[in-house]
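All of these numbers come straight from a predicted model, not from anything done at the bench. Numbered from 1 within each chain, the chains take letters A, B, ... in sequence-line order.
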Amino acid sequence: MSQSRFMPKYDPATIEPKWQSWWDEHDTFRSPRLPVGEKAYILDMFPYPSGDGLHVGHPEGYTATDIVSRAARMRGVSVIHPMGFDAFGLPAEEHAIRTGTPPRESTERNIATFRRQLKMLGFSYDWHREVATTDPGYVRWTQWIFLVLHDTWFDRDAQRGRPIAELPIPAEVAAAGEQAVAAYRDEQRLAYQSEAPVNWCPALGTVLANEEVIGGVSERGGHPVVRLPLRQWMLRITAYADRLERELDSLDWPTSIKKLQRDWIGRSTGAEVDFLLPPAGDDAAGFAAWKQHRAASGFPEQAPDNVLRIYTTRPDTLYGVTCMVIAPEHPLRARLTTADRTAEVEAYCEAASHKSDLDRTDLAEGKTGVFTGSSCIHPLTGEPVPIWVADYVLASYGTGAIMSVPAHDDRDYEFAQTFGLKVVTVVEPATGEGGAGGNGNATPLFTGRGRAVASGPYTGLETDAFITQVGGDLQAAGLGRPAVNYKLRDWLFSRQRFWGEPFPILHELDAAGEPTGVVRALDQADLPVPLPELSDFRPGNTPDPPLSRADDGWLYVERDGKRYRRETNTMPQWAGSCWYYLRFLDPANDERFIDPDIERAWMPVDLYVGGAEHAVLHLLYSRFWHKVLYDRGHVSSPEPFGRLVNQGMILGEMEFTGYRAAAGGWVSAGQQGEADTPMKIPAEQVEKQGEHFVLRDAPKVRVESRAYKMSKSRGNVVNPDQVVRDFGADSLRLYEMFMGPLEATKPWSTAGVGGVRSFLDRCWRLVVDERADELTIAPQVCDEQPTDEQLRQLHRTIAKVTADIDSLSFNTAIAKMMEFVNFATPLEQRPRPLLIPFVKLLAPFAPHLAEELWELLGQAPPVSLADWPVAEEQWLRDDTVEIPVQVQGKLRARVIVPADADAGTLEAAAAAEPKIAALLAGKQIVKVVAVPGRLVNFVVKG
RNA sequence: GCCGGAGUGGCGGAAUGGCAGACGCGACGGACUCAAAAUCCGUUGCCCGCAAGGGCGUGUGGGUUCAAGUCCCACCUCCGGCACCA
């Protein structure tokens, strides 16, 4: 008697590693240098290798792209499907600070874990192309791209970036000498230094980009952020705002993501208008003279200091202006403040400068402000308009000054209410359409479009006509001009952290070792600039970067007899992820960042899948860099990512939560207070009653039911390693695809994983005799020809799975394969010509099992490179179809008719059906709708 | 407040304007078994009915249509994002 009888069960723990090694050894998924025939670049958003390892959200998108890649390969497409690691960033550095290990060590360890886990899931990456953004060979080219940005200025007329050497130098600058020319160039570069208020986060010890500050606190960690003036590297992304917005049109991206980017760029159109200031504006003669001058000279490019220039999107409300408001940081503030108001105004601005962004943008705080004591002259009416200072006007947007029109702007209205300013109505809702517009209300506020009133010569015009006409008039009179503004700000590109790319920049030092202000970019040959060895990675509590503590050997450099100090800021984490998709195509090239032939052949990315959290940051930055590289001739396409798909979030398992009252007993969900404690309730103690779930033992008590985001603190995190141990990688892959649409948010269900596992078990038993003593083909497997019915089932499955892969509808593709297995399981004869194509269909989804079954069926591996089956039209048609018959739109019977029956045949067959005949008896048939292949509907009377 | 997306059985979810609930989970029943697990087969939207059959059903209220989960209007709820950008 054998101790343990061999049971040839489906055992992923043995077959999965077996095939992973096989693929590795045979380089099954290696892609060619250049595509042959049709190409597909299928890309995942590469992960940040955190210390926690992969979570179940990662394999969702990765499995989707893997299925698409595998199916495309089987269809003969040249596929490139790479993977790498976005490995710079704060967590590695914080770990380093906590433990004292250098970030590179922990990063490499984490990468090893991620690589192992990704391989464990059987993704068909070409691992020869793996890159990490922290590799010196990668950093080198990230720094090189920074040099390209540094060497580029934006030609507004041509709307493109050009080499700095081609920048026209104004005569007066050229006359001022070499240093002035250099300074002028530095000002125009796409990578420039600026002394500007920045977002300094004391807790993180670094400056953050606007995009990384959410509601006044850091996106990462939620630490407070304060404004601080600091010399920083900036990237001139605003120069590309217009193209970044316009060229979204050409992309096959979710509309929601395009919308987010559009909102972030925040393009608005309107007009700039000049208001004459004192002393010239103090009398009518001065005003008349100024107007005459303007009519002759036109609208000056830069606002001269005898005017207050404002930006408005609603020049049609010019006659409703009751005051002007400037930002506290406005350059004319001091001059506009009268002596008697100085103390009050200065105090206000001082207070405003100490307010955090959070305080300043807190709508609940209401409006604050202070009168400057002076006025300017309305360019159209000649009336004086008082000038106020208020922090709801932002110095960094438009001209830093606005015309306040309380009757037609929410914020101006609130401001006017607070300070008792006049409200003058100049727009009324257009009559005739929705007469109950804003004006029927108690408040005179109306922000909609309509018809102008009390607006001088423009009275009676519709808003749009008014804007066009007044725009033309202002421009002709030299008082205004059309203007475009963007919410997008230049990208603050330097960080005071250790674990990032050093800048390829040197600062010239004078004899005393002090910086002269002259900046020198390194040559390509000097790259990469390595990170220095450091024992202490901590950021300081001042914005002095850790790299400034590097030893002198790193810090000081001699060039051409001059002494330089290296730039000690580092680049933000986004830098590396801005261009990794290019490096994958040519990862080992040490001559160039990418070979142009390779770039032309593989770019753009055909399918890019990842989370929606990168909607504005990564995806906007990447597009910006790509456009600069395009303008400078380094890449061939204006956009990097053609088709973008966002996978949805995977939530934890559904939970029922009841609330225990502090006093004892239960409180219904929705009525609980602070004192009541939430408790997890097992599903079997809960039942549904009407709209709500209640406790089975106390049906009056409502219970909350929902799935939560996975988090360590909630304890509902699902670990992929554990799922692979319990069910196998193929089950994990298949389950994540079966849960629902790729883009939907959906809760995890361990029972659901069991469900797909049992489907894979059934696939196994279709081929293998599980009750035999050794691994044997099931006795039903034969070499007969499949029956017509079997071929119909097969080809329908082929057609559905093929179409669903194209539309990324993996859940319904899997459902169809399940139907096929349900059909095939009871068959006494299972012909190989039926099973073999099915195994091919299964291969992209459950590749390990498919390889094993393929081999068992006597085929030469790998199925991963077998030909994709083709659905034959003849097997997709039916001879007869069952047609529903309705009377008055209600289903009453079904009839079986030939598939090609025309409307007349259909109607006759339906009318002959006994039940229908009975229902129609004695009724007058008003109308018959007969749709061949679809249905019959009788409309009757009486 | 503004902008997206979504509301379908106990649960996840299917449905080119044309048979609502494919497929899976769960539940229930049967076969196999000494028994259990596993497996295989079946039932499973709700209500009335022994049954045949009938009625009601896709967040709510209207509308278009022979026909609406799907299209239109208004509203409710949930999720996500943005939020003084003039």
> When the ring planes of A/W388 and A/F419 are compared, do they come out parallel, tilted or perpendicular, using 30° and 60° as the limits?
Replying inline: tilted
> With a 4.0 Å cut-off on heavy atoms, is A/N811 in touch with a base, just the backbone sugar-phosphate, or nothing at all?
Replying inline: sugar-phosphate
> If you look at every strand shown and take non-hydrogen atoms under 4.0 Å, does A/T745 touch a base, only sugar-phosphate, or nothing?
Replying inline: sugar-phosphate
> If each of A/T255 and A/Y486 is mapped to the nucleotide of RNA chain B with the nearest heavy atom, which maps nearer the 5' terminus, i.e. the 5' end?
Replying inline: A/T255
> Charged N to carboxylate O under 4.0 angstrom, A/D316 versus A/R314?
Replying inline: yes
>> Closest approach to the side chain of A/D409, judged atom by atom: which nucleotide of B/rC23, B/rC41, B/rA86 is it?
In response: B/rA86
If you look only at distance, which donor and acceptor atoms sit under 3.5 Å apart when one is on a side chain in residues 820-828 of chain A and the other is two or more places apart or in another chain?
from: A/N822; atom 1: OD1; to: A/R762; atom 2: NH2; distance (Å): 2.5
from: A/N822; atom 1: ND2; to: A/M818; atom 2: O; distance (Å): 3.4
from: A/T825; atom 1: OG1; to: A/V821; atom 2: O; distance (Å): 2.7

>> What's A/R762 touching, base or sugar-phosphate or nothing? Going by heavy atoms closer than 4.0 Å.
In response: sugar-phosphate
> Parallel under 30°, tilted from 30 to 60°, perpendicular over 60°: which one fits the rings of A/Y735 and A/W748?
Replying inline: perpendicular
>> From the set B/rG4, B/rC11, B/rC41, return the single nucleotide nearest to any side-chain atom of A/S256.
In response: B/rG4
> Which part of the nucleic acid, if any, lies within reach of A/V939 when heavy atoms closer than 4.0 Å are counted: base, sugar-phosphate only, or nothing?
Replying inline: sugar-phosphate
> Rounded to whole angstroms, how far apart are NZ on A/K259 and C1' on B/rC2?
Replying inline: 9 Å
>> Taking any heavy-atom pair under 4.0 Å as a contact, classify A/R267: base, sugar-phosphate, or nothing.
In response: nothing
> How is A/S749 classified with respect to the nucleic acid when contacts are heavy atoms under 4.0 Å: base, sugar-phosphate, or nothing?
Replying inline: nothing
> Within the pair A/S268 and B/rA86, is there a side-chain N or O less than 4.0 Å away from OP1 or OP2?
Replying inline: yes
>> By nearest atom, which of the nucleotides B/rA86, B/rC66, B/rA14 is closest to the A/Y311 side chain?
In response: B/rA86
>> Base, sugar-phosphate or nothing for A/V756? Non-hydrogen atoms, less than 4.0 Å.
In response: nothing
> Nearest to the side chain of A/V929, which nucleotide is it out of B/rG81, B/rC66, B/rC40?
Replying inline: B/rC66
>> Under 4.0 Å, counting only non-hydrogen atoms across every strand here, what does A/E882 touch: a base, just sugar-phosphate, or nothing?
In response: base
